[in-house]
Amino acid sequence: MKILLSLLTPVAPIAPVAAPPDPAVWPLTPRPAVVRGFDLPAKPWLPGHRGVDLSGSPGQPVRAATAGTITYAGQLAGRGVVVVSTGVRRTTYEPVVSGAKVGTTVTPGTVIGRLSAAGSHCAPVTCLHWGLVQGRTYLNPLTLLPDRPVRLLPLTPAALAPPDAHPPQPVADGSAPPARGERAGAAVVATAAALTLAAGLMIRRH
């Protein structure tokens, strides 16, 4: 009876597993050089660089770096701007002569316009200013890329030395000071000599 009831009990459908989002791509191809990196100011009203500048050439196709919907495509402060939105996340591209309409759904790599020389951040050369905004917070768009550039710090002798390593300081006569072990040994000898002298004085008194 229990087996029959279990067979008649409806089984809840298994929710489909959401497919992982498509990885982001570089807005320009071939992979461009980063002319100027991301530099978020300490305060919103201070100067900084809220995005990255990528080296390009006039008329070069500009691609959507991420999937989403075009929510803006037009002039802004004298420059052509395209905005691709995915929820509260937006990627911005300028200066771009837009080739897509607002409401168009795009995937990573979809051409959204052509790079314009007018209003370039890198004049007299041409570059694409690529931005990333999460809600009202500016982020580094390079963090979207699976193959983002890696900045290596130089290895210097100071960086390789342990924190408590200090070079010996020369004394007045120009000779190097005794090592830590030598100083400890000298202290033990001096202490033993003092104890021996004190013991001799006590014997003489008695």
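Atoms considered below: every heavy atom in the structure, side chains included; atoms not considered: hydrogens, waters and symmetry mates. Here, residue 1 is the first one in the sequence, and each next residue gets the next number.
Applying the side chain to side chain contact (heavy atoms under 4.5 Å, CB included) criterion to Val25, with sequence neighbours excluded, gives Arg63, Pro108. For the side chain to side chain donor-acceptor pair (under 3.5 Å) test, residues two or more places apart in sequence or in another chain that qualify with Ser85 are Thr71. Taking Ala118 as the reference, Ser116 meet the side chain to side chain contact (heavy atoms under 4.5 Å, CB included) condition, with sequence neighbours excluded. For the side chain to side chain donor-acceptor pair (under 3.5 Å) test, no residue two or more places apart in sequence or in another chain qualifies with Thr66. With sequence neighbours excluded, no residue forms a side chain to side chain donor-acceptor pair (under 3.5 Å) with Thr69. Legend: residues meeting side chain to side chain donor-acceptor pair (under 3.5 Å) with Thr105, ordered by chain and number and at least two apart, are absent.
At least one side-chain heavy atom of Leu144 sits under 4.5 Å from a side-chain heavy atom of Thr91. You'll find the side chain of Val62 stays beyond 4.5 Å of the side chain of Val82, heavy atoms only.
Nearest heavy atom pair, residue Ala100 against residue Ile70, reads CB-CD1, 3.2 Å. Annotation for Val106 and Ala64: closest pair CG2-CB, 3.8 Å, computed over non-hydrogen atoms. Smallest separation of non-hydrogen atoms from Val133 and Gly135: CG1-O, 3.4 Å. Of all non-hydrogen atoms in Gly51 and His129, the two that sit nearest each other are CA-CE1, 3.8 Å. Nearest approach of Pro27 to Leu128, heavy atoms of both residues: CB-CD2, 3.6 Å. Residues Pro32 and Ser55 share a closest heavy-atom pair of CB-O, 3.4 Å.
Note: the hydrophobic cluster containing Leu145 also contains Val52 (ILVMFWY, side chain heavy atoms under 4.5 Å, direct or indirect links). Put simply, Leu132 and Val34 are part of the same group of oily side chains (I, L, V, M, F, W, Y) that touch within less than 4.5 Å, one to the next.
Atom CD of Gln75 is separated from atom OG of Ser98 by 10.0 Å, given to the nearest 0.5 angstrom. For the atom pair Leu54 CG and Leu142 CG, the distance stands at 7.0 Å (nearest 0.5 Å).
Other cluster members for Val81: Tyr72, Leu76, Val83, joined by side-chain heavy-atom distances under 4.5 Å among Ile, Leu, Val, Met, Phe, Trp and Tyr. Val111 belongs to no hydrophobic cluster with other residues, because no ILVMFWY side-chain heavy atom falls under 4.5 Å from its own, directly or through intermediates.
The aromatic rings of Trp26 and Trp130 lie tilted to each other, with the angle between the two planes from 30° to 60°.
Between the side chain of Thr86 and the backbone N or O of Ala67 there is at least one donor-acceptor pair closer than 3.5 Å.
Annotation: salt bridge (Lys or Arg N to Asp or Glu O under 4.0 Å) contacts involving residues 82-107, sequence neighbours excluded, comprise Arg79-Glu94.
Just one residue in the list Leu28, Ile112, Leu115 forms a side-chain contact (heavy atoms from CB on, under 4.5 Å) with Tyr93, and that residue is Ile112.
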